[in-house]
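One structure is given below, encoded as structure tokens.
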There are 2 protein chains.
Amino acid sequence: MEPPAPLSTRITAPDVQGSAHERVYRTLRGRIMSGEMEPGVALTLRGIGKDFGVSMTPAREAVRRLAAEGALTLSASGRVTTPDLSPERIEELAALRALLEPELAARALPRAHMALIERLRTINGRVAEVVAKHDVTGYIRSNLEFHRTLYLRAQAPAMLAMVETVWLQLGPTMRALYMSKDRTDLQKHHRTILAALAAGDEPGLRLAVRTDVTQGLRMLVGL
Amino acid sequence: MEPPAPLSTRITAPDVQGSAHERVYRTLRGRIMSGEMEPGVALTLRGIGKDFGVSMTPAREAVRRLAAEGALTLSASGRVTTPDLSPERIEELAALRALLEPELAARALPRAHMALIERLRTINGRVAEVVAKHDVTGYIRSNLEFHRTLYLRAQAPAMLAMVETVWLQLGPTMRALYMSKDRTDLQKHHRTILAALAAGDEPGLRLAVRTDVTQGLRMLVGL
DNA sequence: GCGCGGGCTTTGTGATCACAGGTTGTTCAT
DNA sequence: ATGAACAACCTGTGATCACAAAGCCCGCGC
């Protein structure tokens, strides 16, 4: 192995969807939010780099960005792990969801047309499918898609971003949570949300969203 | 110029307070949150690096972290600027404050002892001083310190972090806002907050905080 | 059998460089 | 004088390397 090395290695970058660090970031973020990784798993920059075929530099940027959003935990020595949340932290994040999501739903309500409700029904049907298959990741993903689709109508990007940050932080925990629980009741809550939406009932919608969001996460803490 | 170069430059790092990128991050964050930089100002990695006596690498990490928190804006080509928010964005962030801060205040209320109220009074006195001196940055800083001191008692780190993220995003805007406005009314609101705290009046406290938070930011949009 | 010390390995940090794309300023032609 | 084309410069991106410190494991001593 020649020590000096010619230098000038440019594979001309596939650049399929933006820069390298963004690709790493997006992929990792998706994995974490949908609960593909369990809490407390260790990651290494070199390992991530190897997985994505990039050097440590973009891996580091992606990791730091995720850590800034609370999607990853950095130990004092810089070690990277998925977050393993304390019950208090979980409760706090649940409270945040209970605070933000009814507001987003209420803002979406006046803009919710029939087409949106129909789309939500479709997504909710997909939730039933994945529940039947005991597909935890698929369940989390489609459940969040249900909420996100509704909130997108609120036209409140900063608020939505904040809620997604909370979802991110809860990702690994949700996996652990939903793996040990029956989930037929969740669809019931989603149906209540849809009913309130169709009726244009704002107080009912706020309550339905709050209940849906709260009860799933209360299970772990209050068991 | 020798191509290989000796390599091996380690000034043994001062390491006064953690890693280089953290020092850069903390300083920049403080500057942005307290409104020391106006909206739309351009920054460069090399420039930041030179300012802090570090290379581009830690500068880049600090910038990306700040961008992830919304404290800086990255253009499509990667250019870095302080955020110049649209009125809709400002209103949304104000709504976020109006949603989160009363909750934090309410959670702090049962834990608020006399010593805390006294401390808040002191901070509020400092607000009066800086207002008299027309020191915008000092005003923003002590105003936020008033709120942060109260919310710290809520024992809700995730919620506090979220609110601070909102403050960060509003930093440069607050500067532009407060520079063109009289501010004697702000202390009045703070006094109302203190009265509700002392009386243990939760609804009154929620309202007082919401009013304090909302009205200052409503000025810009609704003028 | 169990704890502890010392080496080897792994891992994050930061500096430097090559490169590409964007920005800017200048000059030339109309 | 105004517009476009071009060149020089500026700026972010990513790879690679040196380094330090933290972790890990094996073996020694009690």
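- Residues from residues 41-59 of chain A that place a heavy atom under 4.0 Å from any atom of DNA chain D, listed by number: A:V54, A:S55, A:T57, A:P58.
- Classification of A:E145 and A:R141 as a salt-bridged pair fails, no side-chain N sitting under 4.0 Å from a carboxylate O.
- Note: B:E129 CD to B:N124 CG = 11.0 Å, rounded to the nearest 0.5 Å.
- Every residue meeting the ring pair (Phe, Tyr, Trp, His ring centres under 6.0 Å) condition with B:Y151, not counting sequence neighbours, appears here in chain and number order: B:H147.
- The stretch residues 60-83 of chain A comes close to DNA chain D through A:S77, A:R79, each having a heavy atom under 4.0 Å from the strand.
- Partners of B:R107 by side-chain contact (heavy atoms from CB on, under 4.5 Å), not counting sequence neighbours, listed by chain and number: A:A95, B:E103, B:A154, B:M159.
- Note: A:H189 NE2 to A:N143 CG = 11.5 Å, rounded to the nearest 0.5 Å.
- Applying the salt bridge (charged side-chain N to carboxylate O under 4.0 Å, His left out) definition to pairs two or more places apart or across chains, none involves residues 44-56 of chain B.
- Within the structure, the side chain to side chain donor-acceptor pair (under 3.5 Å) test picks out the following pairs touching residues 62-75 of chain A (sequence neighbours left out): A:Y25-A:E69, A:R29-A:E69, A:R64-B:H21, A:R64-B:E61, A:S75-A:S77.
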